[in-house]
Number of protein chains: 2
Amino acid sequence: MLQARSIHLVVDNRDGVALGVQPTSLSDLFVRQPVEQLSAGQALFFEGDAARHLFRVISGTIRIFKIISDGRRVITRFLHAGDIIGVSLKDVYLNSADAIGDACVQRVSRKTLEQELVRTPELGPEMFARMCDELAAQQDQMVLLSRKNAEERLCTFLRAEMRRAAANGAIGAMLELPMTRLDVADYLGLTIETVSRTLTKLANKGILSISGRHVVRIIRQAALAQLCGDDDEYAGERNMVACWARQHH
Amino acid sequence: MLQARSIHLVVDNRDGVALGVQPTSLSDLFVRQPVEQLSAGQALFFEGDAARHLFRVISGTIRIFKIISDGRRVITRFLHAGDIIGVSLKDVYLNSADAIGDACVQRVSRKTLEQELVRTPELGPEMFARMCDELAAQQDQMVLLSRKNAEERLCTFLRAEMRRAAANGAIGAMLELPMTRLDVADYLGLTIETVSRTLTKLANKGILSISGRHVVRIIRQAALAQLCGDDDEYAGERNMVACWARQHH
DNA sequence: CGCAACATTGAGCAAGATCAATACCCGTGG
DNA sequence: CCACGGGTATTGATCTTGCTCAATGTTGCG
């Protein structure tokens with residue numbers, strides 16, 4: 001189908017020049033690539049496009065989504081600085097990707113990746129690992145979409161964003177949410193209104209406070225965790241019990 | 001956590017004996033392994049168990065699921081003859097697996113797999129491919145769970161099962177569904193009652209007819225496809241349009 | 001046959017969607 | 001500096017889909 005074009009700064013040099021150094025991780029593949037700037041809403045690729053590149057996010061947030069009949073949109077993932085897009089090596093992209101607000105990315109061609117995979121077999125396990133992480137994350141999202149209520153969905157989302165922010169060096173309870181309510185809604189399988197109402201409900205409960213459109217302050221982390229609806233600790237044993245309970249009515 | 005034990009016929013020979021032949025596909029790894037018989041409801045493994053084996057389904061249907069607090073269950077996948085379980089190479093299983101009705105499987109240890117991956121690097125791409133297929137399938141399921149209504153969910157499910165049956169050599173419009181309504185409900189994020197009602201609604205519409213608990217006859221394939229709510233054909237162009245429509249209100 | 005598991009059907013309910021009005025935020029231009 | 005305007009968010013009223021609870025029907029096995 002049609003390939004997203006006209007990205008500022010990209011010269012399509014086909015990253016043909018082999019890297020000087022032997023890469024030891026996937027990230028190294030990007031290290032000499034030019035940085036491409038995306039403006040708000042700009043697409044990286046569309047579902048069905050020939051999957052010619054992998055991308056690494058330098059800054060900003062990228063939105064991965066699918067659209068079905070009559071325009072329903074499902075956001076399957078948000079990507080932030082450091083994340084790599086396109087690890088699933090199908091010949092066409094499985095979904096579309098665009099930037100929320102301004103963002104910077106680098107790209108590497110599939111061809112380069114494949115060459116490097118041969119040259120540096122240690123990259124294989126990293127590919128596996130990344131795909132496994134993606135599988136695991138998607139399964140958690142299926143659980144969320146299948147069986148969690150609006151409050152649990154929001155809490156799960158906020159907690160995950162919290163963890164990510166912390167991992168990226170953010171400190172404190174201030175959480176920045178670059179995406180709009182519509183994005184959150186399309187990610188959590190809800191509507192804007194429900195997202196908004198549920199947020200104010202959580203604020204009223206004293207679990208968080210809303211500071212403007214894109215910032216939330218998490219006041220009671222523990223309470224947030226309780227409300228995720230996950231099987232906290234001891235998952236193994238609990239599952240056994242739940243299993244058993246289910247079978248023997 | 002705890003490993004599902006006591007599987008009939010398994011002697012745990014640690015499949016130590018190297019294969020005589022060079023495997024050319026993952027399936028070949030299983031070829032000399034003993035066949036293990038599972039009776040209805042018997043578990044293969046639980047979420048959180050150390051992931052020591054891969055399994056191949058010989059016959060019957062295996063149910064892959066997660067359970068969250070207060071016993072809510074989400075079935076993430078059904079596996080049928082020929083499918084391989086455990087390709088996601090985490091050190092613990094991400095979900096639980098058990099047999100719907102009687103089933104037969106074979107197993108191969110992770111260690112054997114890893115050895116064979118070294119010995120036969122051609123297996124790597126097959127691993128990638130299988131994981132990609134799983135990622136793609138899960139994303140479709142996320143779309144279903146996030147944005148489809150009950151009828152669309154059922155139709156999508158039936159169509160997928162139809163395709164699978166056809167691929168496995170089944171002919172005609174007779175579709176066997178080995179799982180119970182509860183299983184279907186937990187797979188589609190619905191309740192038993194809604195599954196039942198939606199099926200009878202589809203029957204009333206003349207799209208299918210229900211022959212006993214576990215057999216459905218699809219009468220109007222095309223109508224079924226229409227009702228899936230998928231972006232049929234020309235997904236690329238349509239997505240563009242949808243995208244555009246969304247951005248420009 | 002009789003029982004237990006499973007499925008269907010109905011009535012009422014509730015969570016979240018939809019529709020609609022208003023408020024907020026922020027960049028632009030007077 | 002403030003007024004304006006568009007995009008975004010909140011809030012309220014009402015509606016709908018699918019859930020819950022309950023009764024009845026069906027199937028298959030001991």
Checklist entry - For every nucleotide of nucleotides 8-14 of chain D, 5' to 3': is a protein heavy atom under 4.0 Å from its base (B), only from its sugar-phosphate (S), or from neither (-)? => result BSBBBB-
Item to check | Backbone N/O of B/Gln138 and side chain of A/Gln138: donor-acceptor pair under 3.5 Å | outcome: no
Item to check | d(NZ, B/Lys201; P, C/dT9) in whole Å | outcome: 14 Å
Checklist entry - Quick one: is C/dA17 close enough that its OP1 or OP2 comes under 4.0 Å of any side-chain N or O from A/Thr191? => result yes
Checklist entry - So what is the end-to-end bend of the helix from C/dC1-D/dG30 to C/dG30-D/dC1, with 5 pairs used at each end and the value given to 10 degrees? => result 30°
Checklist entry - Could you give the CZ-to-C1' distance, from A/Arg147 to D/dT20, as a whole number of Å? => result 13 Å
Checklist entry - Short question: side chain of A/Gln106, backbone of A/Pro34 - any donor-acceptor pair under 3.5 Å? => result no
Checklist entry - Cut-off 3.5 Å, side chains only: do B/Gln42 and B/Ser39 have a donor facing an acceptor? => result yes
Item to check | Nearest-0.5 Å distance that lies between atom CE in A/Met142 and atom CG in B/Asn95 | outcome: 9.0 Å
Checklist entry - If you measure from the Lys or Arg side-chain nitrogens to the Asp or Glu carboxylate oxygens, is any gap between B/Arg63 and B/Asp183 under 4.0 Å? => result yes
Next on the checklist: Could you check whether B/Arg72 pairs with A/Glu152 (Lys NZ or Arg NE/NH1/NH2 to Asp/Glu carboxylate O, under 4.0 Å)?
Outcome noted: yes
Checklist entry - Does any non-hydrogen side-chain atom of B/Ile218 lie less than 4.5 Å from one of B/Met162? => result yes
Checklist outcome for this item: A/Asp186 atom CG is separated from C/dA17 atom C1', nearest whole Å, by 14 Å
Item to check | Residues A/Glu134, A/Arg77: salt bridge by 4.0 Å N-O rule | outcome: yes
Item to check | Modelled atom types, side-chain donor and acceptor of B/Thr76 and B/Lys66, under 3.5 Å | outcome: no
Checklist outcome for this item: To the nearest angstrom, the CG-P distance between A/Leu188 and C/dA17 comes to 11 Å
Checklist entry - Between B/Phe55 and B/Tyr93, what is the ring plane arrangement, given parallel below 30°, perpendicular above 60°, and tilted in between? => result tilted
Next on the checklist: Please list, in numerical order, the residues of residues 148-157 of chain B that have a heavy atom closer than 4.0 Å to any atom of DNA chain D.
Outcome noted: B/Asn149, B/Ala150
Next on the checklist: Quick test of your reading of the model: are A/Asp186 and B/Arg147 salt-bridged, counting only N-O distances below 4.0 Å?
Outcome noted: yes
